[in-house]
Amino acid sequence: MDFAFSEEQEQLRGFARDFLAERYDDVRLAQIADSETGVDAEVWAKLAEMGWLDAELTFLDQAVLLEETGYRPLAAPYFSTAVLAAPALDDETAKQVGEGRLTATLAWAEPGVPQGLLDAAGATVSGGRLTGEKVLVPDGAAVDLFVVTTADGLYAVDASDAAVTPHGALDGTRRPASVRFDGAPARPLASGDTAAELLGRIRDRAYAAVALEAVGVAQRALDLLVAYAKDRKQFGKPIGVYQAVSHKASDVYVRLQEARSLAYWAAWCVAENDPMARQACLAAKAFAGEAAVFACENAIQGHGGIGFTWEHVLHRYYKRAQWLAAFDGPARAQRAEVAAFLMD
Amino acid sequence: MDFRDTPEEAAFRAELRSWLQENASHREVEAGRGDFDALRAWGGRLYSAGYVGLTWPEGFGGRGLSPTYQAIYLEESARADAPGHPGVIGLNMAGPTIIAWGTDEQKQRYLKLLLSGEEIWCQGFSEPGSGSDLAAGRTSAVLDGDHWVVNGQKVWSSYAHKADWCILVVRTDPDAPKHAGLSYLIVDMHAPGVTVRPLHQITGDPEFNEIFFDDVRVPRDSMLGRPGDGWKVAMTTLLHERGTLGFALSAELERMVNHLVELVRRPGPDGRRPADDPLIRDAVAREWIEMQSLRFTNYRALTTLLETGIPGPEGSGVKLAWSEANQRLTSLAQSVFGLHAQVTGDDAPWNGFWQYWQLRSRGNTIEAGTSEILRNIIAERVLGLPKGR
């Protein structure tokens, strides 16, 4: 039994933390989030240079990166490319991703029908051409390629062959788009049982990744709360001496540690293809998404008025936490699946 | 990172599992902890088979194994629904403190009999006027020749009515500042002048007690550490209580979750299956997730312990989260029965199991450090927030 990341992985974490802290201080993060695209277009080549996009990275390597990109949100379609799309790509396309020449995302949800990652897709393919409408595509306006779920399996479509409508979003660094395909040229990636199985693995991975990002978000919210409680004085004392404040921080700490344990368990299960992967990922996503929201809400409360301003960075984390908690359905949707394992 | 057992751990687990299968009776689903003498006999069998004191030094009846083995024991024992060893105060508090502070003679005298369950221990820390504020205790010990003469009163002492020995915090120097005047004694519960009066908990069970000391003569060498070391020695006891309890708690929670799942899958008093109610399904799933999160938090703290010799700070919240989970879980189970949950005696649902444990769970956020004190500890020692006192 060994529940620690390797020395190399901790090193990778350290580099990632320094890189992100330097590139995205709170002011810069706000600028990008409020910019027209919400994307830092120059960073992608650097990610490739640093090896973040290498196909050889194990999921545990990626796990430390995902946690750090929650701690300091990375304004680029890293989650979409590396987590949602990459597992479905053919070797040639994956190579382009690894070299930093291609970004991608997954388009699954459709309007007016159940929108879970594993729900049936209505988009169809005929004669190599894909027709259908997708909504809430993460980073949909920021990528070069779509991996599209259809009734016939998974297909790749170039973004230039689709009609993309970007949307504004609460979390300005992770915006959704609606995407319409009108007979767009499509390359098959997987079909039949293989596609279903692949999509299941992508979902497990995405849940683990969401949980890891959520842990990073919650950690930053806690760090901000603790720093403020030490610094801010009222009635002649730092507010951290008051239990109404300090106990909030303790509760956030406990919840965060629980979330982290589940997120690492899920990450390990994904990396090892463990039989408990499905349950672990459901548990981690449900718990960590809510823990991140809880952490941000307590941090905002602990900051008083300043934490409620647009100027303060906390709302950026709060909105990312809300995106994470809502991903592929709220926690109760994942708990419903856990319940089925336990009770049916 | 690797959650799998090493070959040695796997062998230990397999051997333990089959031993439990052959030897352990299932814990009764009943209102209480079960018959004490039967538990004591079970403790003796566990000891003979080598499953008690796994991490203790070999010379003193232990096996000198890493804490991982203790974690495996606790997990497997809960999964087999086997009873626990009744000497919990001795195993978790007195024993580790004697190992850390005791003389060789003290270790020889006490440890083996403690492990085998032949001698039971209790704890005399809290007093009517000082609960969380341990250093405000007033029970005194005055040197008279070769003996300390002890006078005072302790309270909330679990197992005192069964105990042979007591770890007792006393004030030996009334003039020294609060913490510096304390000392730590081992007191014979059968000595003249010791009176135990059971206190009935809200469950109705007399699980804890008041202890009165009237001119109790304690041999001068029955002290852990030196006069004035009491606070430091007591911190060893409490640190251990909070440091290694985690796996016992998550294993216990796993057993409760298993019972809860069993409960909701059966038809309730109105003929309907609680497991068909989406709100109940959500609540049960929540507790299963909580239980897994505590299990893996324990593993993380254990990994840090194995690497550095000190349990990781992440474990400090386990007791806090566990106590609240156990309260939610048992209340949920009681709610399933509606007003039937109130019926006691022979007609009580589940033999009174859930009503007992629901009421008992209210103590979980008070015993072994109230949740308020635990939150203070996390705020001050882990997060580095300024002290409120």
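A, B, ... follow the sequence lines: proteins, then strands. Residue 1 opens every chain. The figures that follow rest on heavy atoms only: side chains count, while hydrogens, waters and symmetry mates do not. Given the structure is predicted, the values throughout are model-derived calculations rather than measurements.
The NE2 atom of His247(A) sits 7.0 Å away from the CD atom of Glu372(B) when rounded to the nearest 0.5 Å. Put simply, CD on Gln292(B) and CZ on Phe287(A) are 12.0 Å apart, with the number rounded to the nearest 0.5 Å. The distance from the CD atom of Glu314(B) to the OH atom of Tyr253(A) is 5.5 Å, given to the nearest 0.5 Å. One distance of note links CD of Glu324(B) with CG of Asp251(A); it measures 7.0 Å at 0.5 Å rounding.
Within 6.0 Å of atom NZ in Lys237(A), 12 or fewer heavy atoms from other residues, nucleotides or ligands are found, so the atom counts as exposed in its surroundings. Counting non-hydrogen atoms of other residues, nucleotides and ligands closer than 6.0 Å to CZ of Phe3(B) gives a total above 12.
For Pro313(B), the parts sitting under 4.5 Å from any heavy atom of chain A are the backbone and the side chain alike. Only the side chain of Glu272(A) comes within less than 4.5 Å of a heavy atom of chain B; its backbone N, CA, C and O stay farther away. For Leu60(A), the part lying near chain B is the side chain, with the backbone staying farther off; criterion is any non-hydrogen pair under 4.5 Å. For chain A, the nearby part of Val382(B) is the side chain; its heavy atoms alone come within less than 4.5 Å. For Val241(A), the parts lying near chain B are the backbone and the side chain together; criterion is any non-hydrogen pair under 4.5 Å. Residue Leu256(A) does not touch chain B at all, counting heavy-atom pairs closer than 4.5 Å. Contacts between Tyr264(A) and chain B at a heavy-atom distance below 4.5 Å involve backbone atoms as well as side-chain atoms. With a threshold of 4.5 angstrom between heavy atoms, Glu290(B) approaches chain A through its backbone and through its side chain. For Ala286(A), the part lying under 4.5 angstrom from a heavy atom of chain B is the side chain only. Interface remark: Arg286(B) contributes backbone and side-chain atoms alike to the contact with chain A (heavy atom separation under 4.5 Å). Neither the backbone nor the side chain of Val318(B) comes within contact range of chain A; no heavy atom of the residue lies under 4.5 Å from a heavy atom of that chain. Heavy atoms of Leu383(B) lying under 4.5 Å from chain A belong to its backbone as well as its side chain. There is no contact between Ile72(B) and chain A, counting heavy-atom distances below 4.5 Å. Using a 4.5 Å cut-off between heavy atoms, Phe5(A) touches chain B through backbone and side chain atoms alike. Interface remark: Arg255(A) contributes no atoms to any contact with chain B (heavy atom separation under 4.5 Å).
For the set Asp5(B), Thr68(B), Asp282(B), the count of heavy-atom pairs under 4.5 angstrom toward chain A peaks at Asp282(B). Chain B forms the most heavy-atom pairs under 4.5 Å with one residue out of Ala331(A), Ala339(A), Ala263(A), and that residue is Ala339(A).
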Show the numbers, then the answer: is there a side-chain contact (heavy atoms from CB on, under 4.5 Å) between Arg260(A) and Arg300(B)? CA-CA 10 Å; Arg260(A) 183 171 272 138; Arg300(B) 281 176 56 221; 3.3 Å; yes

So Asp274(A) and Arg4(B), side-chain contact (heavy atoms from CB on, under 4.5 Å) or not? Walk me through it. CA-CA 10 Å; Asp274(A) 190 83; Arg4(B) 284 167 290 225; 5.9 Å; no

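In plain terms, the two heavy atoms of Pro386(B) and Lys230(A) that are nearest each other are CD-CG, 4.3 Å. In plain terms, the two heavy atoms of Gln279(A) and Trp288(B) that are nearest each other are CB-CH2, 3.8 Å. The two residues Met343(A) and Arg273(B) have their closest heavy-atom pair at O-NH1, 3.9 Å. Considering all non-hydrogen atoms of both residues, Ala285(B) and Leu342(A) come closest at CA-CD1, 4.2 Å. Heavy atoms only, all atoms of each residue included: Ser250(A) and Arg375(B) are closest at OG-O, 2.8 Å. Nearest approach of Ile289(B) to Leu262(A), heavy atoms of both residues: CG2-CD1, 3.8 Å.
The aromatic rings of Tyr299(B) and Phe3(A) are tilted relative to each other, their planes meeting at an angle between 30° and 60°.
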